[in-house]
Enquirer: 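Here it is, the structure in full.
So you know, we letter chains A, B, ... as the sequences are listed, proteins then strands, and number each from 1.
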Number of protein chains: 2
Amino acid sequence: MLTWARRLTPPGGLSASTYTTLDTLTLAGPSRITDLADREGISQPGMTALINRLETAGLAVRTPDPTDGRASLIDITDRGREVLAARRAERAHLIAARFGALSEPDQRALDAALPAFRRLTAEMAATPDI
Amino acid sequence: MLTWARRLTPPGGLSASTYTTLDTLTLAGPSRITDLADREGISQPGMTALINRLETAGLAVRTPDPTDGRASLIDITDRGREVLAARRAERAHLIAARFGALSEPDQRALDAALPAFRRLTAEMAATPDI
DNA sequence: AGCAACTATATAACCAGCTGATGGATGTCT
DNA sequence: AGACATCCATCAGCTGGTTATATAGTTGCT
């Protein structure tokens, strides 16, 4: 039933949250671990581990925050941007193939709903009151 | 970014795949472990473990397949149906709250796209060619 | 300046949920 | 009957998360 989501997360690649964290980094620029953890809805230790993974994979870097000795700023590397773009293209390709098989009206309906869907999910991500 | 999905899977409850497996059971009736694994896109040992969890939680039962001594048929229990319904209601409530905050046109657009979205995801779940 | 309280990150120990490899029991085909 | 295929369970190992706690740095008050 939610199998379609699994199809978009092929094994051996980036996990869902590493992917979305890289995405956040491109949007928000260098960010603190705590901020990233909040944005992704995982714990701070969880985000620390995630960043460790990204860093050893060469997809992100930690630099000390010049204004706060406790914090470090995480940024995406060029390689990270490449991987992110490749992954995005791959997913787009997977979806496009199925999308093209739909009827014209179905395609139009989905297209028309996309902005609304974005607003809905943004709303949901923003309000943590389970 | 995909944080909204995490919001729909509160901790301490059913995991995403246990939930969808229960759902599949209500739709398909008593099923073999192998079939369920295929449908959910996880491995057979993974599904065995999942069914163990459901069974010890009293949400599903294993009965030997009368026509095949190797196989067992998994079925959802009444309690399973209750839990599934409760979970579904909870998710519906979460979504409805955010949905209601959207503009009228946004709501109409999402509503109109729902059948198309269902067809798209069904298509994606059915084709495993990563 | 000095100290208490707070904050940012890291570490440790643990758990859930998956994977591939393998084996035993049963079914099927010739 | 024998060879092969299929169904499921078990095992060891991995990934990605959790909570509790420690460490280092910052801030505010006196």
Enquirer: With distance as the sole criterion, do the side chain of A/Gln44 and the base of C/dA10 form a donor-acceptor contact below 3.5 Å?
Expert: yes

Enquirer: Applying the side chain to side chain contact (heavy atoms under 4.5 Å, CB included) criterion to B/Leu54, which one of B/Thr18, B/Ile76, B/Val61, B/Val83 satisfies it?
Expert: B/Thr18

Enquirer: OP1 or OP2 of D/dA9 less than 4.0 angstrom from a side-chain nitrogen or oxygen of B/Thr48, does that happen here?
Expert: yes

Enquirer: Across the strands shown, which category fits A/Thr34 at heavy-atom distances under 4.0 angstrom: base, sugar-phosphate, nothing?
Expert: sugar-phosphate

Enquirer: Tell me: CZ of A/Arg32 to P of C/dT7, nearest whole Å?
Expert: 12 Å

Enquirer: Expressed as a whole number of angstroms, how long is the span from A/Leu36:CG to C/dA10:P?
Expert: 12 Å

Enquirer: Heavy-atom distance under 4.5 Å between the side chains of B/Asp75 and B/Thr63, does that happen here?
Expert: no

Enquirer: Write down the distance between OH (A/Tyr19) and C1' (D/dG17), rounded to a whole number of angstrom.
Expert: 21 Å

Enquirer: Check each residue of residues 51-73 of chain A for a non-hydrogen atom within less than 4.0 Å of any atom in DNA chain C, then write out the ones that pass by number, or none.
Expert: A/Arg62, A/Arg70, A/Ala71, A/Ser72

Enquirer: In whole angstroms, how far is the P atom of D/dA9 from the CG atom of B/Leu50?
Expert: 12 Å

Enquirer: Backbone N or O of A/Phe99 within a donor-acceptor pair of the A/Gln107 side chain at under 3.5 Å?
Expert: yes

Enquirer: Just how far, in rounded Å, is C1' of C/dA16 from CD1 of B/Ile42?
Expert: 13 Å

Enquirer: Could you check B/Asp35 against A/Ser15 and say which one's nearest nucleotide on DNA chain D is further toward the 5' end?
Expert: B/Asp35

